[in-house]
Amino acid sequence: MRWSKTFIPTLKEVPADAEIPSHKLMLRAGLIRQLMAGAYTYLPLGLRALKKAEAIVREEMDAAGAVEIFMPALTPIELYERTNRLEAFGNVLIKFEVKRGDRRVPMALGPTHEEVVTDLVSRHISSYRQLPLTLYQIQTKFRNEERPRFGVLRTSEFLMKDAYSFSTNLEQLNQAYDAMYKAYCRIFSRCGLEYVPVEAESGPIGGDASHEFMIPAANGEDTILRCESCGYGANVERADTGRKRSSTTTAEADQKPKTELATPNAGSIDAVCKMLKCKPHKMIKTLIFKADGKTVAVLIRGDHEANENKIRRALGATSIELADEATIRAATNAPTGFAGPVGIQCEIIADHDIPLIANAVTGANKADAHFVNVNLGRDYDLAKDESGAWKTFDLRNAAADDPCPKCAGKLGLVHGIEVGHVFKLGTKYTVALDATFLDEKEQRHPIIMGCYGIGVNRIIAGLAETKHDENGMIWPLSVAPYSVILISLNANDAAVTKVADEYYDALQKAGVDVLYDDRDQRPGFKFKDADLIGLPLRVVVGGKGLGEGKVEIKWRTDAEATKVDVTAGVQTTLELLEKRRAEDAAKLP
RNA sequence: CGGGGUGUAGCUCAGCCUGGCUAGAGCGCCAGCUUUGGGAGCUGGAUGUCGCAGGUUCGAAUCCUGUCACCCCGACCA
């Protein structure tokens with residue numbers, strides 16, 4: 001493509017609306033333009049990159065045995081009613097009615113397609129002989145983002161690859177899941193992304209039933225914990241802390257006398273700390289939960305965050321929720337905000353860090369009062385195991401510097417962009433939509449599902465966010481809009497133009513996707529633009545070089561160009577590209 | 001939806017507080033000449049419902065009220 005014939009509106013100045021690198025760069029390099037908040041037009045360069053990423057996703061999906069289909073973006077509301085997701089999606093779902101004669105048909109733009117595929121499968125799959133099956137599509141999804149942001153990273157309309165596996169048993173599900181997991185690793189590697197698969201919260205299914213693929217980036221919306229030593233990674237919701245039970249309690253000599261202090265209207269950690277001039281990590285936060293109907297007090301250190309999934313698992317409950325005011329009063333004889341372990345009228349479980357708090361501050365189970373200098377063993381008890389040690393649990397979100405659960409290392413907080421998610425769904429949708437199969441013994445079972453998503457736009461945005469320097473983008477060969485930028489340094493110099501034109505023809509004939517900057521612009525201008533759009537290989541034909549019979553070739557990442565004989569330039573370009581492709585392929589998992 | 005910010009030329013922004021002559025600059029754009037290895041120089045030129053609506057005033061980009069859009073922080077995010 002000749003630059004003069006296409007549409008690449010580069011920007012010298014940074015648009016005022018853009019804040020993060022990917023947004024700034026994608027605008028400046030002429031990849032995208034905003035139509036409204038959360039909706040972007042892809043310009044030729046951006047579209048080409050998006051299509052290349054899409055092609056990689058498609059190739060790997062096909063190779064992993066998934067089968068492509070294409071479902072409508074228009075979906076009937078009724079399907080979401082049947083799975084109870086109309087309410088769950090709430091405002092995220094873009095809903096509307098269309099008129100058909102005297103009827104009004106309610107529909108929604110698909111935010112994801114579990115309902116639609118499951119409905120499809122329920123109508124046509126009835127035997128175990130037809131399974132397993134994995135279907136996928138690459139399609140525009142619609143979600144009304146209350147607050148779109150970060151350019152193309154969080155929009156109301158985006159390209160997503162969504163795959164769904166259907167299995168008769170867990171073994172088949174695990175095979176499908178593993179195949180997708182491996183395909184994802186290859187996809188993100190091929191796209192030149194640094195990525196980290198992290199364990200994600202998987203709800204009641206438990207186990208390692210869900211992984212998110214994250215691109216570590218300072219501006220990522222998600223927080224993950226990662227062990228630098230062994231590579232263990234998990235999102236905040238899910239991350240285990242490697243903390244051990246500790247039976248260490250405060251030595252009797254160090255235990256100060258327990259005292260009740262008045263704390264009028266101070267029912268929060270902050271308010272109590274302010275009033276009593278203490279620090280949150282000296283406090284015991286006492287949360288009252290209803291676990292399958294039973295009241296339980298959960299003890300967490302004041303500066304930590306309770307993790308409901310961990311609490312639910314520790315209690316062996318199927319569902320838990322924070323207790324209502326009446327339940328709290330029954331257990332504590334006090335309004336919300338003054339609960340504590342001393343004399344509480346219900347079961348207590350505690351986080352590992354609780355026994356380590358010496359002379360703790362906690363609610364007195366009495367309105368407007370807190371105790372100071374509360375100590376485990378003297379003032380309250382926990383259950384003990386066979387060896388007589390206090391039973392404690394991992395009940396809170398992991399934090400930076402917690403020990404790694406898999407090795408001797410420490411966890412660190414990292415921000416990440418979620419670019420993919422694989423999930424063992426189970427039978428939620430197949431039960432709701434009656435997608436069943438008959439097994440060998442003529443028994444009917446719901447089909448077991450998995451779902452697997454990739455945000456294709458986020459692959460591009462993630463690359464822009466993480467692969468650039470102060471001059472512009474740095475594309476990997478695999479996703480670059482064009483592999484080569486060919487620059488003629490003086491369009492008015494007939495000799496230069498002649499050679500550049502010949503190169504352009506030769507490279508095109510050789511099947512190279514080349515962008516030919518044939519514009520009548522000064523050299524500096526063209527170099528700056530070339531760096532900005534960041535195509536991998538730059539070939540320069542200029543009067544000065546031509547005088548010595550040379551052209552210049554340079555990778556975007558090289559500091560200096562290499563001079564090559566005019567006669568050898570095309571061949572060298574082809575060889576360099578071939579070599580780079582082979583190197584990239586060799587790195588794949 | 002709560003908090004904060006911004007809307008003036010294609011882009012970046014000044015002018016607004018303290019109302020006053022024909023609304024400005026740089027970049028970009030058009031024409032001509034010069035120039036041609038890291039966002040050129042000179043000369044000339046085009047481009048604005050000052051987000052929109054209403055109000056105050058002799059007079060509004062500027063003050064007031066309303067409204068819309070966009071950005072940031074938070075809440076939300078199958």
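We name chains A, B, ... by the order of the sequence lines, and we start the count at 1 in each one. Keep in mind that this is a model prediction, so the values were computed, not measured.
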Check whether any side-chain nitrogen or oxygen of A:Gln34 sits under 4.0 Å from OP1 or OP2 of B:rC71, and answer yes or no. yes
Flag the pair A:His23 / A:Tyr40 as yes when their ring centroid distance falls below 6.0 Å, and as no otherwise. yes
Say whether A:Asn174 and A:Lys424, considering side chains only, have a donor N or O and an acceptor N or O under 3.5 Å apart. yes
Pull out every residue in residues 536-543 of chain A that has a heavy atom closer than 4.0 Å to any atom of RNA chain B, ordered by number, or say none. A:Arg538, A:Gly542
Closer to the 5' end of RNA chain B via nearest nucleotide, is it A:Pro148 or A:Val14? A:Val14
Distance in angstrom units between A:Glu146 CD and B:rC76 P, rounded: 11 Å
Do A:Asn219 and A:Glu465 have a side chain donor and acceptor closer than 3.5 Å? yes
Rounded distance in Å - CG (A:Asp529) to P (B:rG37): 17 Å
Return the OH to OH distance between A:Tyr452 and A:Tyr136, rounded to the nearest 0.5 Å. 15.0 Å
Ring pair (Phe, Tyr, Trp, His ring centres under 6.0 Å), paired with A:Tyr516, selected from A:Tyr504, A:Tyr482, A:Tyr503, A:Trp3: A:Tyr504
Any base atoms under 4.0 Å from A:Pro9, or only sugar-phosphate, or nothing? Heavy atoms, all strands. nothing
Under 4.0 Å, heavy atoms only, any strand: does A:Glu552 hit a base, just the sugar-phosphate, or nothing? base
How are the rings of A:Phe213 and A:Tyr195 set relative to one another: parallel (under 30°), tilted (30 to 60°) or perpendicular (over 60°)? tilted
